[in-house]
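Down below is the structure, laid out as structure tokens.
Remember, it's 1-based here, ligands and their atoms both numbered in the order they're listed.
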Amino acid sequence: MRKHILVFRELPPDQLARLQALHEVTVADPRLPAQLPAFRAALATAEGLIGASYPVDDALLAAAPRLRVISSVSVGVDNYALPALAARGILLCHTPGVLDETVADTVFALLMATNRRIVELANLVRDGRWTQNIGEDLFGFDVHGKTLGLLGFGRIGQAIARRAALGFGMPVLYHARRPVDLAVQAPELRGRAQHMPLDELLARADIVVAMLPLSGETRGLMGAREFALMKAGAIFVNGGRGATVQEDALLQALDHGTLRAAGLDVFATEPLPIDSPLRRHPKVTALPHIGSATFETRHAMAELATTSLLQALAGERPAAVFDTTTS
Ligand code: DGY
């Protein structure tokens, strides 16, 4: 039987067509004021939701009495009111696995750009300020051979670790809730990656990369104390979730501490507010949350999310279900 699906963020046409072939579909993006009334109206009868980057909170769920499944075109699930989903038995699907290598590429690019001052120096050329050979004041810092400290060591963290250890000869330290059995999960990193307590990692790493999901445990994890523990001249990169970092503390560490620079793909508020001091800070390389934003990967994510939604509405168990009861 045809059911009602609400698509709340643009889907590629081929994936939208898969939904339309089997169900009644409303496409309405609540971030666009003109589409908000249609979005709100569709919630009343929608059994399935698919989209990303919009808070699905208690109030929204209360307006969606028939909802059975949400398929998020993202791996992160911090936009969803997990306890309410668990209480109502609403299935939450997401997209693990298909974006790991792409996000790792992005984070490594940001790490390289931050250490080697790529954006700043490219702008120097673009602005016509390359009038003589650059001097020490504009030199960058080596990446190869430096010690990488990873906060979070899931699939994406491990993909970053492989690039660092196997491609750049970097010793890798990681901090995760529990040590990963490298022999089973990442044999190529055996002898190359070491689990350690957060404080020790911060004190030893030349480059710290945060790849943490946002949860009660990780919110604001990097604060003044943690930045102060970092090595003098260290570099901080965040490719996980912005709110795992206390941005005021990061700015303090950049302005008055010994942190050399930061590369950020994620922020506590996105898009980054126009008046955020992070936007034009000379020591910050900022990207507009592009971790997974390639043609191939965004399509693969949309395809997986669409498949999961169709499976769930057909009464099948989708492969990529997030366990809302464990967080
Ligand atoms: C995700 O899928 O959660 C990523 O942040 C998207 O880039």
Side-chain angles (χ1 to χ4, degrees), residues 7-12 15 29 31 49-57 69-82 85 91-111 113 150-161 163 176 209-222 236-245 247 262-272 278 285-309 318-324 326-327:
V7 178
F8 63 96
R9 186 174 184 162
E10 203 180 354
L11 274 181
Q15 299 310 310
D29 185 338
R31 283 157 299 204
L49 284 185
I50 182 168
S53 310
Y54 190 75
V56 176
D57 56 16
V69 54
I70 302 175
S71 196
S72 187
V73 191
S74 69
V75 68
V77 293
D78 43 287
N79 268 321
Y80 301 91
L82 301 179
L85 294 182
L91 208 59
L92 177 61
C93 306
H94 65 146
T95 62
V98 293
L99 48 74
D100 307 338
E101 300 299 329
T102 299
V103 177
D105 284 351
T106 308
V107 170
F108 222 85
L110 186 53
L111 181 162
L150 272 167
L151 309 183
F153 202 59
R155 276 179 292 249
I156 300 173
Q158 290 171 30
I160 295 168
R163 283 158 178 74
V209 173
M211 290 308 302
L212 297 163
L214 184 61
S215 67
E217 214 178 318
T218 63
R219 186 178 290 279
L221 181 88
M222 284 299 294
F236 178 73
V237 173
N238 192 3
R241 283 294 182 265
T244 62
V245 173
E247 290 178 345
L264 308 171
D265 185 40
V266 290
F267 301 89
T269 303
E270 295 178 5
L272 186 63
L278 291 169
T285 302
L287 296 176
H289 199 149
I290 57 162
S292 62
T294 63
F295 284 105
E296 299 93 329
T297 292
R298 282 289 168 86
H299 193 277
M301 290 165 72
E303 186 171 14
L304 175 56
T306 302
T307 300
S308 294
L309 179 58
V321 173
F322 186 87
D323 184 356
T324 51
T326 59
S327 29

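- The nearest pair of heavy atoms linking M301 to T95 is O-CG2, 3.5 Å.
- Nearest protein heavy-atom contact of atom 1 (C) of ligand 1 is V75 N, 3.4 Å.
- Atom NE2 of H289 sits about 12.0 Å away from atom CG of L264, to the nearest 0.5 Å.
- Residue-ligand proximity, L99 to ligand 1, at heavy-atom distances under 4.0 Å covers atoms 2 (O).
- For the atom pair OG1 (T306) and CD1 (I50), the distance works out to 4.0 Å, reported to the nearest 0.5 Å.
- In this structure, atom 6 (C) of ligand 1 lies nearest to the protein heavy atom S292 OG, 3.3 Å.
- For atom 3 (O) of ligand 1, the closest non-hydrogen atom on the protein side is R241 NH2, 2.6 Å.
- Close N/O approach between T95 and ligand 1 is not found [any backbone or side-chain N/O within under 3.5 Å].
- Taking 4.0 Å as the cut-off, H289 counts as a neighbour of ligand 1 on heavy-atom distance.
- In plain terms, the two heavy atoms of V266 and G240 that are nearest each other are CG1-O, 3.4 Å.
- Across all their heavy atoms, P318 and S308 have their closest contact at CG-O, 3.5 Å.
- For E270 and R241, the salt-bridge test fails: no basic side-chain N is under 4.0 Å from an acidic carboxylate O.
- Close contacts of ligand 1 with M301, meaning ligand atoms under 4.0 Å from a residue heavy atom, involve 2 (O).
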